[in-house]
Q: 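Dumping the structure here so I can ask a few things about it.
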Amino acid sequence: MHKTEVSRKYFKKLFTAFLCSSIIPLIICVIAILYINYKMTVEEYDKKVTLTSDVAIESYENLMDEYSNILYSLSDESLVQSALTNNDKRQLNEVSSIVNPLLTGRKGKIEIHIIDYDSLISYDTNTKSRLYDQSIYSEWGILYRIKSNPYEVVTFPGNYYTEKDQVISLSMGKAILDSKNKIVGYLILDIYRSTLLNQFLFVGGEETEYVLSNNNNVIILDTTSHFKEGYSVSPEKIAQWNYKKLKLYDNEKNETIYVVKQAQNNGFSLFTFVRVSNFYKGISLLIRISLIIVAFVFLICFIIVKVQARRLYRPIETVVEGMQKISEGNIQVRIKEDINQDDEMTMVTKGFNKMLDEINVLLGRVVEQTEREKNAEIKALQAQISPHFLYNMLNEIKALAKLGRTEEVSTFVISLGKLLRHSISYQEKFVTIKEDLLFLNDYLDLQKARYENNFEVVIEIDESILNCRIPNLILQPIIENSIVHGLENRENNSILKITGSRDDKGRINIEIYDNGVGVDEEYMQYINNTGKSSSMYGCLGLENVQKRLLLTYGSEYGIKIESQKGSYTKVIVILPYQID
Amino acid sequence: MKGKSMFFIIIIIILFFALSRVYKNDEKNNGGISKINFLISLDGNNGNKEIFEKYISSFNKIDSKIQVIPYFVQSDVEAMLKLIYVKEANQKYDIACLSSNQIFSLVEIGSIEPIDSYVAESFGTNWLEQMIPNSMANLTDDGKLWSIPMIRNARVVLFNRNLINYNDDTITLQELLLLAEEQYNKTNRTSLLAPLSGVLTEYISYNSPFDSIALNKKGNYLNILDENKINILDIAQKGVENKSIKIYTENALKGIEEFLDGNISTLVSNTYYANKIINTANFPISYIPLMIDENTSFPLQGSNLYLIKQSGKTEYTTSWNALQKFWEIATEDVELMNNGHMPITASHKENSIILGSIDNPSYLNAIKRTYNGYSGMAINQNTKINLLLENMLGNILNKKYEPDKALEEIQGIINSILNE
């Protein structure tokens, strides 16, 4: 579990890094292209609408100037002034000689009305609006504006129909003054809708529409069909037209998008609307296509990146797996080197393998060294037994010789000789129990002789374990200990019993029992825990055996002492069952 | 924690009250319905309350979002007082219907809101083209449109065909007065019954807007010291004195009982009463428009719809919508003609004729161009002048003053008023 978590985290990082580094530039690229395209096109439209607007407003200004000049010119005509001052209808009709030339080339574009101050007589090139009646509308509309600004040309939105059902969209007016600058009449020039329309018709192209409004937001001309001519629009709505992008809906809720530019001239606002719906539709389509492509590319990148990441990660994974195995104790693992690759990972793999080889070698040396040291220690320990035993025997011989027990000295020497011969012959580290028993019998004979058969020996070993191999010189020191420290001071009924069998774990249990004086609790504890500390008691025998057994087999085996002071001592030797 | 909770509770309470103020509708929204208080003076429509009740009932049925609540008063004066003292009376009015000649007084007391922008937004600039011009007199001043016409009547002269035979299409005031004198000389009886005070006030204050002096004068101008006007007053004074002319108060049917009795040959009234008189009388009657001069009719009478100004308010869309709809109901009522009222729009006229609701359509064509009775005068000054003139005319007709001297004196006062 831990192994999986570690490897996957780095893989995810690797995968994410690859994916991001492949997708993000693409996305940035797409966004940049879309944005630049959008910006450039918007700029193009802005330029177009600005240019168109400038041309359109100039065209409109020219038209207004042209008609203003007509008004100024006519209002200055003495014939006109005289006819109105004299209130002479017949004379007023004669102004046609002045008006008609002015209308040359302008027929169907404008109409002219010359109205006297009480609206009783007038000269009209066509029907006139009801609003030109001084008796009703002197205080409102174009008459009011003319009256209020007698020296200037004024305008007023029209929106009435002539006899021929043509629409007058805009009226211009001027006061007619007499020689004393008194108003004697009104001069009004009506402009047809078609005239205004024609001014803008060839400016801008098919995508361009116009809305002309006055300073009261009354729509004078609208080619977008979104607004009603002759009606006013709220200032809030008009304010929205100054935005770069404007969405308008027709009656069927179809949307059209415009870029709008406002140009102003003498109280009029000309809004140039350039239709950009197709552009935004195109952008929208482009964005959708881009998203689809990005999604598709993302998918492909995902797969490719995953494959590539896995491929690149594999050597790392192998190294990690190897390290995991090592941490579990298997130092024999080696990473397979790809001979076709010659990159850094190959170097890592080679290095890793080399490192393991060297570790193995070092470990081998350490093991060997440890083994040698162990063996040396064992041998040293083992070697401790033989001089110790020999010393004891020679002391015994000396004692017997001093006592003059020459028969016994002879028996002793002969038995000792057998033992020494046995020791020399059997320098093996391990012997079978059967072989060790032979040695023990000789030893016991020697001891019996020494202690004048003062103790009884019982040996009961299972036949099944006779061929089991045990370390050499394990039992003898224990028996010696029992005889010397356990039974020596006991006068009669001393028993030394040696039993051997297998326990339920399959281990060899050899028990050396004596009904001697027993051992101290402290000593018993010490021996049972020997291995952890250096010698404390100077009794080399049991301690030596314990250490040897621990070194050879580990802490699971060794000797255990059970004793009751003054009653008995039982030493249990636990060994593994080994035949080879 | 407790302190924090209290703080949040206080904030929520404050927000609640703030939002409740925001949502408070100044036109008394009640579950989404706007209530419009409609002040109606019965002066302008000759006391015909039924018409308004009919229209209001139609209105409230058509529009579920606006409910019109009428407040009827008997006279324009009462209506004006109510408008002046709205604050004290704690009563707000959104729209009003008063006589057409009250427009300038209403502007003077600041009670009405110009409607140009609303007309432009709702009807468009060509809306006025469809209006019969005479119905639009006295609606504009100083470049603004102040109200829209709802009911119009013309001054007409009715003749008892059994007593007098007058065959012209129109008659001027001077001709009428002279005719009365002639009839009196023949029969030695009162021959003309007229609301002379009102007629003469209109006549005297008729300021020729066609006078270029008036057109060009900087400031305001009213010329009453006119030979024709002095002459008319002389004739009128004489007629009252010798009882060839009897004066009655307008809008009172009681005053015309003598005509209905068949004792007086000529009656000056308006088209509204003419209808009733013709239906009531048991003798044949003809009627023709009364003119100021051969080219100029007396201004049409009637009532207008006004948008009432509210203090602190700048937007009147709902009130305007109610006013607009009310006007549309009125001008679509072809039955209006049966009551003697005149059409306001060309289509109104056409439909009325087609449906036969006008029994004497020729008089419509006989009505000539009329005039803005107070054009050229300062808006805040004509009330004073109007009262002066009425007072003066009363004294002239009672022979307390001579016309020429009285007019001269009044002209001086008028000039000083106008130059204030």
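In what follows, every chain begins at residue 1, and chains take the letters A, B, ... in the order their sequences are listed.
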Q: Decide whether a cation-pi geometry holds between A/Lys228 and A/Tyr231; the criteria are a distance under 6.0 Å from NZ or CZ to the six-membered ring centre and an angle within 45° of the ring axis.
A: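 Positive - A/Lys228 is close enough to the ring of A/Tyr231 and near enough to its axis.
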Q: Taking the side chain as everything from C-beta on, heavy atoms only, tell me whether B/Glu202 gets closer than 4.5 Å to B/Leu389.
A: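 Result no, sub-4.5 Å side-chain heavy-atom pair not found.
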Q: Kindly state whether the ring of A/Trp241 and the ring of A/Tyr258 have centres lying under 6.0 angstrom apart.
A: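 Here the rings of A/Tyr258 and A/Trp241 have centres that are no less than 6.0 Å from each other.
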Q: Ring-plane angle category for A/Tyr137 and A/Trp140, please: parallel below 30°, perpendicular beyond 60°, tilted otherwise.
A: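 Tilted: the ring planes of A/Tyr137 and A/Trp140 meet at 30° to 60°.
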Q: Does anything in residues 111-120 of chain B get under 4.5 Å of chain A by heavy atoms, and if so which residues?
A: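 So the qualifying residues are B/Asp116, B/Ser117, B/Ala120.
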Q: Kindly say whether the aromatic ring centers of A/Phe268 and A/Tyr60 come within a distance under 6.0 Å.
A: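 Yes, ring centres under 6.0 Å apart.
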Q: Look at A/Glu66 together with A/Arg106 and state whether they make a salt bridge at an N to O cut-off of under 4.0 Å.
A: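 Looking at A/Glu66 and A/Arg106, the cut-off is met.
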